[in-house]
Amino acid sequence: MIVASRAYSRGVIVAAGFVPATPLLVPDLGAGAAPELAGLRAACREVLADLAAARSERVVIIGGGHVPREHPADAAGSFAGFGVDLTVGGPGRVSLPPTLSLGAWLLDDAGWTGDRLYCEVASAEEDGTAASRRILTWPGRSALLVVADGSATRTAKAPGGFDSRSVDFDGDMARAFESGDLRLGPIDTESGASLAAQLHVGGVAAWRLTAQVLGSTGRPVTRARLLRHEAPYGVGYFAASWTWEITRAGTG
């Protein structure tokens with residue numbers, strides 16, 4: 001069981017984890033896909049372990065949806081739309097979109113006992129300034145869990161068909177995760193965001209908000225780990241974690 005630390009009171013981001021948005025990570029949904037997703041599931045659990053090792057008090061789950069809004073800690077998610085009677089998260093009303101429901105399942109699976117908040121983003125073009133400011137001013141030690149996919153054009157059978165540019169795009173994203181690039185370079189420019197849209201990249205909105213939040217801190221990543229980069233269904237999946245060394249005063 002992961003037990004949250006409450007040793008610090010000053011607001012600071014101590015870790016960020018990046019996981020795919022595929023519901024098939026949930027064993028009840030992806031039982032038939034066990035062989036090809038076993039390594040990815042293990043990597044996602046390692047990401048959650050890194051967030052816990054950073055002694056986070058709170059995990060802020062960021063994922064795409066339909067309306068830009070925040071959901072409370074007791075919000076619930078359901079996988080009924082995928083044919084499985086499975087509810088995750090808190091005892092509140094079921095309101096989480098699939099990406100945040102997956103984030104809730106990952107926290108539940110890891111035995112997370114600390115606070116959690118959910119941040120739904122709807123468009124890569126939306127202004128995330130207000131959400132970014134709130135995340136940065138929440139007290140204590142926070143970690144981000146970003147649920148997002150890369151391109152959906154890696155193979156002819158991918159949701160967006162095949163586009164040869166997707167290999168380089170996802171490769172650049174992988175290098176950004178591996179190097180701790182706070183800008184998440186491939187989506188940092190308008191041309192990059194435009195290319196991402198052409199490649200049906202599902203995670204742009206969530207990644208852009210994350211880059212805005214972390215870029216505002218001005219602190220370089222202390223430890224960056226790319227645990228997994230693969231595309232078993234023609235969609236780019238990443239599992240990565242970033243952590244920061246934080247002083248007792250709460251500054252990097």
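Distance check: L214 CG to R183 CZ gives 13.0 Å after rounding to the nearest 0.5 Å. Of the inter-residue distances, the one linking H229 atom NE2 with L40 atom CG reads 11.0 Å to the nearest 0.5 angstrom. Note: L100 CG to I62 CD1 = 9.5 Å, rounded to the nearest 0.5 Å. Put simply, CD on Q198 and CZ on R165 are 4.5 Å apart, with the number rounded to the nearest 0.5 Å. Atom CG of D188 is separated from atom CH2 of W207 by 14.0 Å, given to the nearest 0.5 angstrom. Atom CG of L227 sits about 10.0 Å away from atom CD of E178, to the nearest 0.5 Å.
Without hydrogens or angle criteria, W244 side chain to A15 main chain gives no donor-acceptor distance under 3.5 Å. No donor-acceptor pair under 3.5 Å is formed between the side chain of D74 and the backbone N or O of P91. Remark: the backbone N or O of H66 is paired with a side-chain donor or acceptor of E120 at under 3.5 angstrom. The backbone N or O of I187 lies less than 3.5 Å from a partner atom in the side chain of R208, making a donor-acceptor pair. Without hydrogens or angle criteria, R41 side chain to L25 main chain gives a donor-acceptor distance under 3.5 Å.
Using a 4.5 Å cut-off on side-chain heavy atoms (C-beta onward), V12 and S142 make no contact. Between E36 and L24 there is no side-chain heavy-atom pair separated by less than 4.5 Å. Between R141 and I13, the closest side-chain pair of non-hydrogen atoms is not below 4.5 Å. Side-chain contact check for T99 versus L102: every heavy-atom pair is 4.5 Å or farther apart. When side chains are defined from C-beta on, D170 counts as touching S151, because their heavy atoms get closer than 4.5 Å. L106 has its side chain out of reach of W112: every pair of non-hydrogen atoms, C-beta onward, lies at least 4.5 Å apart. Looking at heavy atoms from C-beta onward, Y237 lies out of side-chain contact with C44 at the 4.5 angstrom threshold. In this structure, the side chains of R225 and E46 come closer than 4.5 Å at one or more pairs of heavy atoms.
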- Given the rule in the side-chain contact (heavy atoms from CB on, under 4.5 Å) test, do V19 and V146 qualify, once you have shown the distances and angles that lead to the verdict? CA-CA 6 Å; V19 296; V146 189; over 6 Å; no
- Task: Start with the C-alpha gap between T22 and V235, add the side-chain angles, then the distance that decides, and say whether side-chain contact (heavy atoms from CB on, under 4.5 Å) holds.
- Result: CA-CA 9 Å; T22 172; V235 179; over 6 Å; no
- Step by step, work out the side-chain contact (heavy atoms from CB on, under 4.5 Å) result for L144 and R58. CA-CA 8 Å; L144 308 182; R58 171 192 302 103; over 6 Å; no
- Message: With side-chain contact (heavy atoms from CB on, under 4.5 Å) as the criterion, how do I61 and L117 come out once you've worked through the C-alpha distance, each side chain's angles and the decisive distance to 0.1 Å?
- Response: CA-CA 6 Å; I61 305 96; L117 290 168; over 6 Å; no
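The six-membered or imidazole ring of F177 lies near that of F238, with a centre-to-centre distance under 6.0 Å.
Closest heavy-atom contact between A122 and P68: CB-CD, 3.7 Å. V14 approaches S56 most closely through the heavy-atom pair CG2-OG, 3.6 Å. In terms of heavy-atom proximity, L209 sits nearest to V121 at CD2-CG1, 3.5 Å. When every heavy atom of T153 is checked against every heavy atom of G160, the shortest pair comes out as CG2-O, 3.6 Å. The minimum heavy-atom distance linking T210 with F18 is given by the pair CG2-CE2, 4.0 Å. Nearest heavy-atom pair, A104 versus Y118, reported as atom, atom and distance to 0.1 Å: CB-OH, 3.5 Å.
Here D172 pairs with R175 in a salt bridge; the nearest charged N to carboxylate O distance falls below 4.0 Å. Checked for salt-bridge contact, R45 and D50 miss the test: no charged N lies under 4.0 Å from a carboxylate O.
At most 12 heavy atoms of other shown residues, nucleotides or ligands fall within 6.0 angstrom of atom CZ in R93.
Between F82 and F79, the ring planes lie tilted relative to each other; the angle falls in the 30° to 60° range.
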